[in-house]
There are 2 protein chains.
Amino acid sequence: MRTRDENKEQAIRTKAVEMVVRDGFDGLSMQKLAKAAGVSPATIYIYFKDKEDLIIQVCHQLSARMADATLADFDPDMHFDEGLRRQWLNRARYCLENPVEMHFLEQIRYSPFNEKCHSKTDMRFRNAMKRFVHNAIDRGELQRLPVEVYWSVAFAPLYQLVKFHMSGRGLADAPFEMTEETIDRTLEVVLRGLKP
Amino acid sequence: MRTRDENKEQAIRTKAVEMVVRDGFDGLSMQKLAKAAGVSPATIYIYFKDKEDLIIQVCHQLSARMADATLADFDPDMHFDEGLRRQWLNRARYCLENPVEMHFLEQIRYSPFNEKCHSKTDMRFRNAMKRFVHNAIDRGELQRLPVEVYWSVAFAPLYQLVKFHMSGRGLADAPFEMTEETIDRTLEVVLRGLKP
DNA sequence: CTAAAATAAACGAACATTCATTTATCTTTG
DNA sequence: CAAAGATAAATGAATGTTCGTTTATTTTAG
């Protein structure tokens, strides 16, 4: 029998992400996607059940990649300051190196697709984070806080910086670029708030 | 001549927001919207130039409402702690009282529509914020920070809490509700980080 | 009356998906 | 080793549906 051309599936996935980022969800049509990926419309349905399945599969793939990138060189038993910095740098680097994928995931996160895209990978990732936090609390490196409070303070500022960076503009519509210096300065403030 | 029925325009706006929140941007069709609003499809085009104009106008209306709510009982000359708390409570209350509108605005913010929805109201609002911050720095109530760093630490955590609350679930898929106690606890941490 | 509001019906275009057919590759046979 | 058969990949064309928008007509208030 004829063998699958994996390049075609990946072309479909890649172009789908690009189209959603450029034109929004209503700009993603199966026929235009097929043309962009250099493939017949019917071919898409060999790899994906339907349009929704395509979006969900792409979402899972990208989420897993991002989770992996975030956990690189990270150990839940690290000192809190070091571990948090490692994660900030990992996340920042991933976002800067994959702006389109990042944009796609954010667009998913705030759309009705969000509920359908919860994966088990997220669970593995969350458990690592949970252990990291409890270690830090036990060692007196971190205040005892409700986990949602901790998360909000520890990560939301980073993602806001990333958002500024990706839009290219800061608050007063002034050009903005997120440097490692910016990251460290912000992290300094956050850590001071979180310390016991 | 016949007079405009303002109720019809508002019904169109309201239903449009509901449809986008429930079904996403690709779930908003002019014919379904007309049916939901109890109106003929052609009537929508009396009030709005086209579909894009409809979305942008709705976005502007809701942004203005939210900016107003945020600035209620707020004065840029307030003490930093008091002023920030006032804004947190204002924003939190608005989000909790208008979850659907909030969800709509977030969906806009991460979509390609975002660029087309920048309003002058945002500018007025941003200027008030800028003055508030410079006052606080001059009085020694706040560290001198790049404005994007300040903003990321001062507000992103609040919006993350709101996001948890609106989804109804916290980090470990456990039920989560944002109470005034949660807000104050988080604000405490943030303020500690931002103080000189 | 008049003029704008409101509508029902209709427009071509684009939509997601399917179907009948062709193409490419592996397996079996001589 | 080569030709035939088997099978899934891949396709172009067509399906009926729904899309955003317009037009011709009716309704309603000043």
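Here is the naming used below: chain letters follow the sequence lines, and residue numbers restart at 1 for every chain.
Here the CD atom belonging to Q57(A) is positioned 7.0 Å from the CD atom belonging to E9(A), to the nearest 0.5 angstrom. To the nearest 0.5 Å, atom CZ of residue F74(B) and atom CZ of residue R86(B) are 10.5 Å apart.
Side-chain N/O atoms of Q31(A) and base N/O atoms of dA16(C) include a donor-acceptor pair closer than 3.5 Å. R2(A) contributes no side-chain N or O that forms a donor-acceptor pair with the base of dA24(C) under 3.5 Å.
Between K163(A) and E148(B) there is no salt bridge, since none of the side-chain N atoms of the basic residue sits less than 4.0 Å from a carboxylate O of the acidic one. A salt bridge links D68(B) and R124(B); the closest N-O separation between the charged side-chain nitrogens and carboxylate oxygens is under 4.0 Å. Between K32(B) and D23(B) there is no salt bridge, since no side-chain nitrogen of the basic residue lies less than 4.0 Å from a carboxylate oxygen of the acidic one. Salt-bridge formation is detected for the pair K15(B)/E18(B): a Lys NZ or Arg NE/NH1/NH2 atom is positioned less than 4.0 Å from an Asp or Glu carboxylate oxygen. Taking a cutoff of 4.0 Å between a charged side-chain nitrogen and a carboxylate oxygen, R85(B) and D184(B) qualify as a salt bridge.
Looking only at atom types and distance, the side chain of Q143(B) has a donor-acceptor partner in the side chain of R185(A) under 3.5 Å away.
Interface residues of residues 50-61 of chain B facing DNA chain D, ordered by number: D50(B), K51(B); criterion, heavy-atom separation under 4.0 Å. Proximity of residues 3-29 of chain B to DNA chain C (heavy atom under 4.0 angstrom from any strand atom) is restricted to T3(B), R4(B), D5(B), K8(B).
When all heavy atoms of L62(B) and Y94(B) are compared, the closest pair comes out as O-OH, 3.9 Å. The shortest heavy-atom contact between L105(B) and S63(B) is CD2-OG, 3.8 Å.
Straight-line distance from the NZ atom of K35(A) to the P atom of dA13(D): 11 Å, rounded to whole Å. Rounded to a whole Å, the CD1 atom of I46(A) is 14 Å from the P atom of dA24(C). Rounded to an integer number of Å, the gap from I44(B) CD1 to dA5(C) C1' is 14 Å. In this structure, the CE atom of M30(B) is 14 Å from the P atom of dT7(C), given to the nearest Å.
Taking the centre and axis of the six-membered ring of F155(A), the NZ or CZ atom of R91(A) falls inside the cone set by 45° and 6.0 Å.
The residue Y47(A) sits close only to the backbone: its heavy atoms come under 4.0 Å of sugar-phosphate atoms, none of a base.
A rotation axis mapping the C1' atoms of four pairs onto the next four is fitted at both ends of the helix from dC1(C)-dG30(D) to dG30(C)-dC1(D) over five pairs, and the angle between these axes is 10° to 10 degrees.
When distances run from any side-chain atom of P41(A) to the nucleotides dT17(C), dC19(D), dT11(D), the shortest one goes to dT17(C). Looking at the side chain of Y45(A), the nearest of the listed nucleotides dA8(C), dC15(C), dT17(C) is dT17(C).
One finds a side-chain N or O of T43(B) lying less than 4.0 angstrom from the OP1 or OP2 phosphate oxygen of dT7(C).
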